[in-house]
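Labels below follow one simple rule: chain letters A, B, ... track the order of the sequence lines, proteins then strands, and each chain is numbered from 1. Small disclaimer: the values here were computed from a predicted structure and weren't measured.
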Protein chains: 2
Amino acid sequence: MNTSLQPAGLPIAAVERDTGLAKDTLRVWERRYGFPQPERDANGERVYPLAQVDKLRLLRRLIDQGLRPAKIIPLELQALTALLDEIGRPRDGGDPERSAQFTAILKFVRLHLHEDLRRSLQQLLMKLGLQRFVCEVVAPLNQLVGDAWLRGELEVPEEHLYTEQIQNILRAAIGAHPAPHSGRPVVMLTTFPEEQHALGLLMVEAAITPEGACCISLGTQTPLEDIRSAASGGRFDIVALSFSSAYPTRQAIEGLRSLRASLPEQVSLWAGGSAVHGAARKLPGITVFESIASLPAALDAWRAAAGVTQP
Amino acid sequence: MNTSLQPAGLPIAAVERDTGLAKDTLRVWERRYGFPQPERDANGERVYPLAQVDKLRLLRRLIDQGLRPAKIIPLELQALTALLDEIGRPRDGGDPERSAQFTAILKFVRLHLHEDLRRSLQQLLMKLGLQRFVCEVVAPLNQLVGDAWLRGELEVPEEHLYTEQIQNILRAAIGAHPAPHSGRPVVMLTTFPEEQHALGLLMVEAAITPEGACCISLGTQTPLEDIRSAASGGRFDIVALSFSSAYPTRQAIEGLRSLRASLPEQVSLWAGGSAVHGAARKLPGITVFESIASLPAALDAWRAAAGVTQP
DNA sequence: GTCAACATTTTGTCCAGGACAAAATATGAA
DNA sequence: TTCATATTTTGTCCTGGACAAAATGTTGAC
């Protein structure tokens with residue numbers, strides 16, 4: 001019965017699990033920056049007070065956003081939360097009714113209300129149609145969920161629940177679409193190795209399938225060499241890559257350049273997602289998407305250039 | 001372009017990711033047992049040949065099954081796979097038609113065919129009804145998937161896909177059931193902290209909701225103290241706990257005993273799942289379930305003892 | 001002004017090898 | 001058998017040094 005009250009703190013392994021910071025990192029921070037400064041138990045092992053774990057969680061989030069440890073580790077908790085607020089994207093400021101719906105959906109996610117979540121998403125899909133649903137609901141919701149995660153308002157299982165439900169809805173909607181395997185262009189969808197997020201791919205598929213494109217998804221984590229060989233077979237018009245915000249921009253750019261160089265000229269290369277936003281200038285010969293909403297226009301442009309008309 | 005061919009091997013962090021064995025463990029095995037014996041790169045850092053990583057994967061699985069490192073690390077790859085075959089549960093030997101369906105479903109899981117998977121499960125559910133579906137399809141399928149995972153025939157994403165789809169189907173079916181919040185007994189469903197598997201809970205809910213029980217799920221990972229206080233409010237007749245095979249039996253028994261002691265006498269305590277199989281003798285005052293199929297009978301027994309009739 | 005190339009600092013991960021508690025097993029008593 | 005107690009096994013923790021990759025700062029050309 002003593003197990004339930006833990007006033008002291010957490011061992012290093014638990015902190016690693018909670019914060020995502022490796023044990024080695026925790027120890028080296030202590031050595032270099034003087035924080036965290038865990039107490040020690042009877043065996044000389046580190047015991048992290050809960051307050052320090054909270055600060056570590058914030059630090060982790062901020063570093064994921066590109067800030068550097070040396071600059072933020074000395075800051076007070078208050079200054080860190082202020083920084084997080086700054087980074088949080090600007091409010092959407094759109095339709096108030098839509099905003100209320102988003103708020104409700106986020107509440108369902110937080111409370112694990114699978115059925116309510118599913119139902120409200122399904123309703124929005126019905127009302128808006130697949131394309132608008134992706135652009136006007138899924139994309140902004142992703143932002144909101146990402147923000148909430150950043151602030152620590154959501155845990156892993158909640159984020160997971162959200163992703164799974166969106167994926168289920170999109171898959172069902174795409175599957176229900178008529179004539180999935182006919183039109184042009186033929187688009188290969190995939191991600192680079194170490195990029196696991198399948199949601200971006202589904203969003204692209206959902207955005208362009210209604211336009212008559214033929215999407216073939218290779219799933220996530222396709223080795224570069226496999227992408228190259230599949231795309232060189234002459235079956236594909238476009239290779240589309242998706243990058244989540246977690247993917248290192250440098251690596252994305254390098255991989256895209258290398259892929260572009262090894263791909264036949266007549267195959268277009270499209271890239272989208274947080275990791276490549278604003279990198280268009282550095283990626284000649286590659287179409288970079290700043291928003292999911294610009295996909296249909298790009299599709300039209302491709303058709304015009306290729307002299308293919310929509311069926 | 002040189003990135004694609006990697007004849008050499010993996011760095012220690014990649015092996016940790018692939019095998020689930022901590023870096024510290026990998027190093028201490030090398031010191032103690034002489035295996036693995038990675039090569040070194042120019043910086044003196046370990047580079048694990050792929051063959052050794054394969055063996056490590058098998059070792060991990062076998063150890064998870066209760067075998068001890070010292071006994072199996074010296075064995076050849078061949079002997080290890082033989083051991084895995086031994087451990088794999090005996091074939092079901094049931095209806096050949098059913099077996100063929102299971103094989104097909106496993107294929108869908110392996111190939112990420114979400115829609116086919118969903119459709120075939122849905123068909124079985126329609127045909128059998130919720131209760132038989134859980135006992136005759138979900139339970140044996142879990143075994144098959146677990147076995148396949150043990151053999152390394154499935155990766156994490158595939159197992160995930162399976163779990164999610166089953167959960168979606170069960171949730172929808174439970175939600176569709178009439179009069180969900182009326183009958184007796186009132187059953188609280190949850191798991192202990194560090195037990196994340198929600199599927200067991202859903203299976204229980206699916207098995208007893210059609211019998212007229214009123215299920216209230218607290219979700220996974222409820223602290224013992226929270227279970228106690230919620231159950232002491234007088235609202236619940238039964239507290240049902242689910243344990244996956246990954247949960248340490250010792251911990252389950254200890255927790256259950258402690259919970260039983262702190263719970264009001266009139267509240268029954270039910271426990272099920274691989275971790276508590278065969279532990280009934282050690283858990284006086286607790287109903288231990290060896291199979292999901294025995295739940296309805298237990299429900300009847302409770303009603304008879306409590307003098308409650310099914311509506 | 002932009003951009004590339006180079007120098008410097010920051011930062012995460014790796015290493016060795018000792019130590020120890022918790023878990024698993026063996027041993028002995030009731 | 002079942003329980004309690006000794007012994008072995010095993011994973012995790014420790015320190016403090018080292019170093020490459022990433023990020024940042026600087027220089028000079030266009």
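The distance between atom CD of Glu254(A) and atom C1' of dA21(D), rounded to the nearest whole Å, is 12 Å. As a whole-Å value, the separation of Leu26(A) CG from dG12(C) P is 10 Å. Atom C1' of nucleotide dT11(C) and atom CD1 of Ile72(A) are separated by 13 Å, given to the nearest angstrom. The distance from atom CG of Leu21(B) to atom P of dT10(D) is 13 Å, rounded to the nearest whole Å. Spacing between atom CG of Asp41(A) and atom C1' of dC13(D) amounts to 10 Å, rounded to whole angstrom units. Here dA24(C) presents its P atom at 12 Å from CD1 of Ile253(B), a figure rounded to the nearest Å. If you measure from atom CG of Leu67(B) to atom P of dG11(D), you get 12 Å, rounded to the nearest angstrom. Between Asp24(A) atom CG and dC19(D) atom P there is a gap of 17 Å when expressed in whole angstrom units.
Counting atom types as modelled, Arg27(A) pairs no side-chain N or O with a base atom of dG16(D) as donor and acceptor under 3.5 Å.
Taking every side-chain heavy atom of Ala22(B) into account, dT12(D) is the closest of dT12(D), dC13(D), dG12(C). Candidate nucleotides dT2(D), dC15(C), dT13(C) were compared by shortest atom distance to the side chain of Arg40(B), and dC15(C) ranks first. Here dG11(D) is the nucleotide among dG11(D), dC14(D), dG12(C) with the atom lying nearest to any side-chain atom of Pro69(B). For Ala70(B), taking side-chain heavy atoms from C-beta onward, the closest of the listed nucleotides dT10(D), dT24(D), dG11(D) is dT10(D).
The side chain of Arg250(A) places no N or O atom within less than 4.0 Å of a non-bridging phosphate oxygen (OP1 or OP2) of dA21(D). Taking side-chain N and O atoms only, Arg46(A) has a distance below 4.0 Å to OP1 or OP2 of dC14(D). Between Lys23(B) and dC14(C) there is a side-chain N or O to OP1 or OP2 distance below 4.0 Å. OP1 and OP2 of dT9(C) both lie 4.0 Å or more from every side-chain N or O belonging to Arg32(A). Checking the phosphate oxygens (OP1, OP2) of dT11(C), no side-chain nitrogen or oxygen of Thr25(A) falls inside 4.0 Å. Listed pair Asn43(B) / dC19(D) fails the phosphate criterion, with no side-chain N or O lying under 4.0 Å from OP1 or OP2. Of the side-chain N and O atoms in Tyr33(B), none sit less than 4.0 angstrom from OP1 or OP2 of dT9(D).
For the atom pair CH2 (Trp149(A)) and CZ (Arg61(A)), the distance works out to 4.5 Å, reported to the nearest 0.5 Å.
The pair Glu225(B)-Arg228(B) counts as a salt bridge, with a side-chain nitrogen and a carboxylate oxygen less than 4.0 angstrom apart.
Closest-nucleotide positions on DNA chain D for Lys71(B) and Ala13(A) were compared, and the one nearer the 5' end corresponds to Lys71(B). Nucleotides of DNA chain C nearest to Ile63(A) and Arg31(B) differ in position, and the one nearer the 5' end is that of Ile63(A). Between Glu45(B) and Arg68(B), it is Arg68(B) whose nearest contact on DNA chain D lies nearer the 5' terminus.
Between Phe192(B) and Tyr247(B), the ring-plane angle classifies as tilted under the 30° and 60° cut-offs.
Between the side chains of Thr191(A) and Gln221(A), no donor N or O sits under 3.5 Å from an acceptor N or O.
Evaluated for a side chain to side chain contact (heavy atoms under 4.5 Å, CB included) with Val276(A), the options Leu256(A), Leu241(A), Ile253(A), Thr249(A) yield exactly one hit, Leu256(A). A salt bridge (Lys or Arg N to Asp or Glu O under 4.0 Å) with Arg46(B) holds for exactly one of Glu16(B), Glu39(B), Glu30(B); it is Glu30(B).
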